[in-house]
Novice: 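Here's a structure for you.
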Amino acid sequence: MTRDKRTLAVHAGTRRSQYSEMSEAIFMTQGFVYESAEAAEARFEQAGEDEFIYARYGNPTVRMFEERIAALEGAEDGFATASGMAAVHGALAAMTQAGDHVVAARALFGSCLYVLEEVLARFGVQVTLVDGLDLDAWAQAITPNTKLVFFESISNPTLEVIDIAAVAKLAHAAGALVVVDNVFSTPVYSNAIPLGADVVIYSATKHIDGQGRGLGGVILGSKEIIRSIVEPFMKHTGGAMSPFNAWMMVKSLETLDLRVRAQVATATELAGLLEQRGDLARVIYPGLPSHPQFALTQAQMGAGGTVLAIDVGSKVRAFSMINALEIMLISNNLGDSKSIITHPATTTHQRLPQDQKDLLGIMPGLLRLSIGLESAKDLNSDLQAALDVAFLSD
């Protein structure tokens, strides 16, 4: 029987011990005991489906999270990592070698750009950055030597929505794999694999935990990619998720659908109210009809996500607004149950050269708003009052 995502998020991958516990157990162990020397030898030669060797390779609690999020995403398998960036680096490094070519969208989180332009390039991987919205640019950049393409399904922080199916078609025609950072889409609204993604990456720190408690990431894809390519790289380089964090993520998945849908509803309402002001340079939200990729967003996700962005016109106004807020918190995270405001130009994307910020639309007045679980009415009052202060600060 086919199960709905909401059911899978509660039950998939559950492993119960001999005690038949209701809540999933934390197997807080780094190693495992063998009944004999022969049993140890056999397990090192080929571990069974429910056998473990060392926590860096796998752990029962971590495996529960991997199987549950894989089922939710519609992937064959997954490998859980210590952080979202461990997932990005692990996937890209495991799948490339010197002489390979990677084509990536230029609108990426700063740490992702670092992995591409500094880490992979240092080891002889050629990287080409393109305008992710321009299919002709993708077509021109992808060559027979291209090993993979990489992009955020919704870019951080300017919320460009990339056509996964169209880019995947171009990549697959050249024999390249498609790797999608799907954080802003969330597993709730994700259709990345049916649309052609070969590998999907999440920072589980964001919506999956969604409560500001711990770091985590996951790489999802076919069993062949995960167990033959990703796992050997990750287990030897040490980027595995801890059992305790995996337990947090397993429990958080139970409420993921409820939390994210509530956040999206509030984000949609707030974006519409902010657009009505008329004094903002930009209101960017994929769920608004005014967004350039609104139709694509509806077809690809069916909703605009939990994050929106506004441009108040200057850094002075941006800082004045941030400092006037009473509910929304100043931080650089997103996808949390608490609403968060970020000034990308001076924090998450600070290290980008100014010309690159200009190219990506990361202007001095741009603010990223991650919408939480507070009352939409209270958040709107907080935002409107803070904006009134900002426009008096000139």
Side-chain angles (χ1 to χ4, degrees), residues 84-85 88 104-116 129 131-133 150-162 180-186 189 201-203 205-207 210 263-264 266-268 270-271 274-275 280-288 290-294 297 301 303-315 317-319 321-322 325 328-336 338-372 383 386-387 390:
M85 284 313 304
V88 171
R106 68 190 181 198
L108 293 170
F109 177 53
S111 294
C112 293
L113 285 169
Y114 179 85
V115 169
L116 289 166
L129 298 178
D131 178 351
L133 302 178
F150 174 64
F151 56 89
E152 297 170 352
S153 53
I154 302 178
S155 70
N156 180 12
T158 52
L159 308 178
E160 296 177 352
V161 182
I162 291 183
V180 177
D181 182 332
N182 213 33
V183 167
F184 280 57
S185 295
T186 83
Y189 294 102
I201 296 168
Y202 287 105
S203 169
T205 312
K206 309 305 190 289
H207 303 90
Q263 289 168 287
V264 167
T266 302
T268 304
L270 291 174
L274 289 168
E275 193 172 51
L280 297 172
R282 287 186 294 170
V283 176
I284 311 170
Y285 182 61
L288 285 176
S290 58
H291 191 282
Q293 291 92 50
F294 173 74
T297 300
M301 290 171 53
T306 68
V307 180
L308 59 106
I310 59 173
D311 191 337
V312 296
S314 71
K315 178 181 173 181
R317 287 180 185 169
F319 276 31
M321 179 191 172
I322 289 172
L325 289 165
M328 192 166 282
L329 304 174
I330 308 167
S331 187
N332 49 283
N333 194 24
L334 61 91
D336 196 277
K338 298 178 178 68
S339 291
I340 292 169
I341 191 162
T342 306
H343 187 247
T346 57
T347 58
T348 57
H349 293 70
Q350 180 187 44
R351 296 185 184 279
L352 291 182
Q354 188 58 49
D355 60 343
Q356 199 164 352
K357 289 178 186 175
D358 293 342
L359 183 65
L360 297 174
I362 303 173
M363 310 309 291
L366 186 74
L367 293 164
R368 188 187 72 192
L369 283 62
S370 173
I371 305 304
L383 288 168
L387 281 166

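The figures here come from the full heavy-atom set of this structure, side chains too, leaving out hydrogens, waters and symmetry mates. Only a predicted model underlies this, so the values are computations on that prediction, with no experimental measurement involved.
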Novice: Check the pair F319 / T346 against side-chain contact (heavy atoms from CB on, under 4.5 Å), numbers first and verdict last.
Specialist: CA-CA 10 Å; F319 276 31; T346 57; 4.0 Å; yes
Novice: Between T306 and Q263, is there a donor-acceptor pair closer than 3.5 Å when you use the side chain of the first and the backbone of the second?
Specialist: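 No, T306 side chain to Q263 backbone: no donor-acceptor pair under 3.5 Å.
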Novice: My understanding is that only residues two or more places apart in sequence, or in another chain, count here; which of them pass side chain to side chain contact (heavy atoms under 4.5 Å, CB included) with S339?
Specialist: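 Only M328, I371, E374, L379 meet the side chain to side chain contact (heavy atoms under 4.5 Å, CB included) criterion with S339.
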Novice: Between CD1 of I341 and CG of L383, what distance do you get to the nearest 0.5 Å?
Specialist: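 Spacing of CD1 (I341) from CG (L383) equals 6.5 Å.
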Novice: Quick check: do L288 and F294 have side-chain heavy atoms less than 4.5 Å from each other?
Specialist: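 No - every pair of side-chain heavy atoms lies 4.5 Å or more apart.
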Novice: Would you check if the side chain of Q350 reaches a backbone N or O of P344 as a donor-acceptor pair within less than 3.5 Å?
Specialist: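 Side chain of Q350 to backbone of P344: no pair is present.
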Novice: If you define the side chain from C-beta out and look only at heavy atoms, does anything of V307 sit under 4.5 Å from L159?
Specialist: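 Yes, close enough: below the 4.5 Å cut-off.
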Novice: Give the intermediate values and the outcome of side-chain contact (heavy atoms from CB on, under 4.5 Å) for residues I322 and L367.
Specialist: CA-CA 9 Å; I322 289 172; L367 293 164; 3.5 Å; yes
Novice: I need the minimum non-hydrogen distance between A107 and E160, along with the two atoms involved.
Specialist: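 Distance-wise, the nearest heavy atoms are CB-OE1, 3.7 Å.
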Novice: As an exercise, state the distance from CD1 of I201 to CE of M85, rounded to the nearest 0.5 Å.
Specialist: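 So the CD1 of I201 and the CE of M85 are separated by 8.5 Å.
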Novice: Starting at OG of S331, measure out to CG of D336 and round the result to the nearest 0.5 Å.
Specialist: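 It comes to 8.0 Å.
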Novice: Could I get the full list of ring-ring contact (aromatic ring centres under 6.0 Å, His included) partners for H207, not counting sequence neighbours?
Specialist: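 None.
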Novice: Does L108 offer a backbone N or O that forms a donor-acceptor pair with the side chain of S155 under 3.5 Å?
Specialist: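 Flag not set: sc S155 to bb L108 has no pair under 3.5 Å.
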Novice: Locate the shortest heavy-atom distance separating G305 from A267; write the atom from each residue and the value.
Specialist: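 Heavy atoms of G305 and A267 come nearest at O-CB, 3.6 Å.
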Novice: My understanding is that only residues two or more places apart in sequence, or in another chain, count here; which of them pass salt bridge (Lys or Arg N to Asp or Glu O under 4.0 Å) with R282?
Specialist: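 So R282 forms a salt bridge (Lys or Arg N to Asp or Glu O under 4.0 Å) with D311.
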Novice: Is the backbone of Y114 close enough, under 3.5 Å, to the side chain of R351 for a donor and an acceptor to pair up by distance?
Specialist: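 Looks like no, no N/O pair under 3.5 Å.
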Novice: D358: which residues meet the salt bridge (Lys or Arg N to Asp or Glu O under 4.0 Å) condition with it, sequence neighbours left out?
Specialist: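 Expected list: none.
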Novice: Restricting to non-hydrogen atoms, name the atom on S203 and the atom on V183 that form the minimum distance, rounded to 0.1 Å.
Specialist: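 Of all heavy-atom pairs spanning S203 and V183, the closest is N-CG2, 3.4 Å.
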Novice: Quick one: does any side-chain atom of K357 pair with a main-chain N or O of A345 as donor and acceptor, under 3.5 Å?
Specialist: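 Yes, K357 side chain to A345 backbone: donor-acceptor pair under 3.5 Å.
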Novice: For the CG atom of N332 and the OG atom of S370, what is their distance to the nearest 0.5 Å?
Specialist: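 Between atom CG of N332 and atom OG of S370 there are 11.0 Å.
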Novice: Taking all non-hydrogen atoms of both residues into account, name the closest pair between T297 and A303 and its distance.
Specialist: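 Closest approach of T297 to A303: CG2-O, 3.2 Å.
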Novice: Go through the structure and list residues passing ring-ring contact (aromatic ring centres under 6.0 Å, His included) with Y285, not counting sequence neighbours.
Specialist: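 None.
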Novice: Restricting to side chain to side chain contact (heavy atoms under 4.5 Å, CB included), what partner residues turn up for D131, sequence neighbours left out?
Specialist: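 Once residues adjacent in sequence are excluded, the partners of D131 under the side chain to side chain contact (heavy atoms under 4.5 Å, CB included) criterion are R106, L133, D134.
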Novice: Test side-chain contact (heavy atoms from CB on, under 4.5 Å) on T342 and L369 and set out the steps.
Specialist: CA-CA 7 Å; T342 306; L369 283 62; over 6 Å; no
Novice: Which heavy atom of A318 sits nearest a heavy atom of P364, and at what distance?
Specialist: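 Shortest heavy-atom separation between A318 and P364 comes out as CB-O, 4.0 Å.
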Novice: How far does CZ of R368 sit from CD1 of I362, to the nearest 0.5 angstrom?
Specialist: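 Going from the CZ atom of R368 to the CD1 atom of I362 covers 10.0 Å.
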Novice: A side-chain contact here means heavy atoms from C-beta on lying under 4.5 Å apart; do F150 and C112 qualify?
Specialist: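 Touching, per the 4.5 Å side-chain cut-off.
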Novice: Would you say E152 and F184 make side-chain contact, with heavy atoms under 4.5 Å?
Specialist: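 No, too far: nothing below the 4.5 Å cut-off.
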Novice: Less than 4.5 Å apart, side chain to side chain, heavy atoms only: is that true for L352 and L113?
Specialist: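 Yes, close enough: below the 4.5 Å cut-off.
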Novice: Verify, without hydrogens or angle tests, whether H343 (side chain) and T348 (backbone) share a donor-acceptor contact under 3.5 angstrom.
Specialist: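 Not confirmed, H343 side chain does not pair with T348 backbone.
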Novice: Answer whether the closest heavy-atom distance between the side chains of L387 and V312 falls below 4.5 Å.
Specialist: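 Yes; the side chains approach each other to less than 4.5 Å.
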Novice: Ignoring hydrogens and geometry, is there a side-chain-to-backbone donor-acceptor pair from Q293 to V161 under 3.5 Å?
Specialist: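 A pair under 3.5 Å: yes.
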Novice: Could you tell me which non-hydrogen atom of L129 sits nearest to which non-hydrogen atom of A105, and how far apart they are?
Specialist: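 Of all heavy-atom pairs spanning L129 and A105, the closest is CD2-O, 4.1 Å.
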Novice: Which is it for Y189 and V264 under the side-chain contact (heavy atoms from CB on, under 4.5 Å) test, yes or no, and what are the steps along the way?
Specialist: CA-CA 10 Å; Y189 294 102; V264 167; 3.7 Å; yes
Novice: Is any side-chain heavy atom of M321 less than 4.5 Å from a side-chain heavy atom of I310?
Specialist: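 Counting from C-beta outward, M321 and I310 do come under 4.5 Å.
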Novice: Nearest 0.5 Å, please: how far is CG in L334 from CD1 in I340?
Specialist: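 Nearest 0.5 Å value for the CD1-CG distance: 7.0 Å.
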Novice: Is any side-chain heavy atom of K206 closer than 4.5 Å to one of N333?
Specialist: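 Yes, side chains in contact.
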Novice: Please determine whether side-chain hydrogen bond (donor to acceptor under 3.5 Å, both in side chains) holds for the pair S185 and S153, giving the CA-CA distance in whole Å, both sets of side-chain angles, and the decisive distance to 0.1 Å.
Specialist: CA-CA 7 Å; S185 295; S153 53; 2.8 Å; yes
